[in-house]
2 protein chains.
Amino acid sequence: MKEGPDIALIGSLIGDPARANMLTALMGGQALTPTELAAHAGITLQTASSHLAKLEAGGLLTQRKQGRHRYYALSEDEVGLMLESLMGFAASRGLTRHRPGPKDPALRKARVCYNHLAGDYGVRLLDSLVAARQIEMMGDDLALTDAGRVRVEALGIDYAMLQKSRRPICRTCLDWSERRSHLAGSLGEALLTLFIDKGWARREKDSRAVRFSDEGEKAFLDLFPL
Amino acid sequence: MKEGPDIALIGSLIGDPARANMLTALMGGQALTPTELAAHAGITLQTASSHLAKLEAGGLLTQRKQGRHRYYALSEDEVGLMLESLMGFAASRGLTRHRPGPKDPALRKARVCYNHLAGDYGVRLLDSLVAARQIEMMGDDLALTDAGRVRVEALGIDYAMLQKSRRPICRTCLDWSERRSHLAGSLGEALLTLFIDKGWARREKDSRAVRFSDEGEKAFLDLFPL
DNA sequence: TTCATACTTCGATCGTAATCGAAGCATCCG
DNA sequence: CGGATGCTTCGATTACGATCGAAGTATGAA
């Protein structure tokens with residue numbers, strides 16, 4: 001009778017408001033400590049600890065001990081993709097937790113999606129690379145073309161390093177604000193890191209928003225035309 | 001502080017085992033009555049009724065009254081896509097509710113995903129159409145090429161009808177068994193309907209499995225080579 | 001009309017899980 | 001070695017929601 005994967009467990013993990021808040025916070029891409037996550041969720045440290053243990057047992061999170069801190073992060077790209085898909089549906093239902101404010105446009109323009117760039121700019125990035133035939137669409141697996149590899153190395157990204165990882169280099173991720181795909185995978189991560197390292201953009205504190213400097217915006221739009 | 005869509009509500013709706021069973025049953029694509037859904041979930045009619053009201057309020061389901069029956073179905077394609085994404089993650093965690101049995105290979109080979117074909121055959125269908133340049137990948141939005149339109153009409157599908165609907169004609173849907181995209185959207189639905197109408201395939205009762213006849217299998221593989 | 005079917009609503013019970021205070025480990029610092 | 005910080009575990013409370021019996025509503029059949 002019963003067939004297929006058990007979605008109830010995953011659903012119930014996401015279904016608790018405290019846990020959902022923590023997961024949303026972790027969609028910012030940075031690993032966070034239980035204390036920080038407790039603040040995000042508005043609960044005590046003890047409760048947060050219990051929630052985090054469950055999320056880890058469910059495979060959604062991994063932790064890394066560092067001194068007396070424990071850093072929690074989403075366990076894989078796939079968790080981020082799944083959450084983004086849920087957010088997409090929730091957004092389409094008009095289920096937002098915040099009154100639309102000045103922060104909202106910034107989020108739609110550019111934000112962090114786990115570890116890569118999302119929003120208008122994220123979509124543009126992928127579109128531009130595809131238009132330049134530096135990335136090829138094959139199913140949901142994107143492939144970097146030869147021209148793409150050259151381009152990426154010219155930007156100062158170590159292609160050999162990307163290859164070493166077992167993660168896919170390119171993959172699509174559905175954007176809940178744009179309803180289109182943007183670039184995820186280790187290349188997506190490397191590019192966001194690059195933009196930040198070059199000082200073109202920086203992450204807003206306590207938000208997923210990414211803010212480009214005037215100079216950085218110019219450079220970005222120039223490098224990735226439509 | 002809080003930002004982004006509220007995923008907790010959606011998660012909690014999916015998170016109850018009874019509701020998850022009903023949603024999984026509805027992924028079979030057929031509209032079902034509360035009585036049938038109660039049987040699938042192993043609960044009484046009263047409880048099922050309460051669950052269905054919540055799922056409808058949450059926007060996951062719609063109901064259609066017909067005489068003294070009420071037929072519930074997933075409200076949009078997007079719900080199916082979201083659930084398939086959850087199943088994909090759950091499957092990758094090895095969270096299956098059933099001991100692997102003889103039914104499993106049949107599900108992997110060909111099954112219904114809400115209203116279109118999924119599994120090995122579903123993936124092959126999209127791959128073949130892309131290889132023949134009858135469908136073009138552009139972001140996650142697939143586009144039917146001119147050649148594709150001709151092909152589709154030659155198969156006896158009313159292209160004008162497809163265009164009338166506000167739903168996208170082609171879209172990708174991530175396959176939890178193959179981990180690749182297959183074809184969703186109104187064209188995906190029309191093609192599955194075609195296969196069944198032609199007698200090439202039929203739905204297994206009480207399962208998402210789609211079984212091809214020998215003749216139907218031959219015709220399908222012939223029409224959609226790799 | 002009367003009866004039957006399909007479903008919803010109401011009300012009460014019961015279980016589970018979220019929550020937090022208090023106590024217990026672990027790690028770092030001086 | 002204290003002493004402080006960061007976190008987990010334990011235990012008790014509490015609140016919410018799943019469940020079902022019983023009663024109510026709607027549609028169709030006889």
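The chains referred to below are lettered A, B, ... by the order of the sequence lines, with proteins before strands, and numbering in each begins at 1.
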What is the separation between atom [atom1] on [X] and atom [atom2] on [N], rounded to the nearest whole Å?
X: B/Leu37; N: C/dT8; atom1: CG; atom2: C1'; answer: 15 Å
X: A/Leu45; N: C/dA23; atom1: CG; atom2: P; answer: 17 Å
X: B/Met22; N: C/dC7; atom1: CE; atom2: C1'; answer: 14 Å
X: A/Ile14; N: C/dA18; atom1: CD1; atom2: P; answer: 14 Å
X: B/Ile43; N: D/dG21; atom1: CD1; atom2: P; answer: 13 Å
X: A/Gln63; N: C/dT27; atom1: CD; atom2: P; answer: 12 Å

Item to complete: When you get a sec, tell me which of C/dT8, D/dG6, D/dC20 is the closest nucleotide to the side chain of B/Thr44?
Response: D/dC20
Item to complete: Can you figure out which of D/dT8, C/dA6, D/dC20 approaches the side chain of B/His69 most closely?
Response: C/dA6
Worksheet item: Across the strands shown, which category fits B/Ala48 at heavy-atom distances under 4.0 angstrom: base, sugar-phosphate, nothing?
Response: nothing
Worksheet item: With sugar-phosphate meaning primed atoms plus P, OP1 and OP2, does A/Tyr71 contact a base, only sugar-phosphate, or nothing at under 4.0 Å between heavy atoms?
Response: nothing
Heavy-atom side-chain proximity of [X] to [Y] below 4.5 angstrom:
X: B/Leu37; Y: B/His51; answer: no
X: B/Glu217; Y: B/Lys109; answer: yes
X: A/Leu83; Y: A/Leu60; answer: no
X: B/Arg171; Y: B/Leu81; answer: yes
X: A/Asn115; Y: A/Asp77; answer: yes
X: A/Met22; Y: A/Leu61; answer: no
X: B/Arg203; Y: B/Leu192; answer: yes

Discussion item. What does the B/S/- profile of nucleotides 24-30 of chain D look like, 5' to 3', with a 4.0 Å heavy-atom cutoff to protein?
Written reply: ---BSS-
Practice prompt. Just say parallel, tilted or perpendicular for the rings of B/Phe220 and B/Tyr121, cut-offs at 30° and 60°.
Written response: parallel
Worksheet entry | 5' priority, DNA chain C, between A/Gln46 and A/Ser12 [closest heavy atom] | A/Ser12
Discussion item. Side-chain N or O of A/Thr47 versus OP1/OP2 of C/dC20: is the shortest distance under 4.0 Å?
Written reply: yes
Any protein N or O atoms within reach of nucleotides 12-17 of chain C? Criterion: under 3.5 Å, listing atom names and distances.
none

Fill in: Electrostatic pair B/Arg111:B/Glu84 at N-O distance under 4.0 angstrom
yes
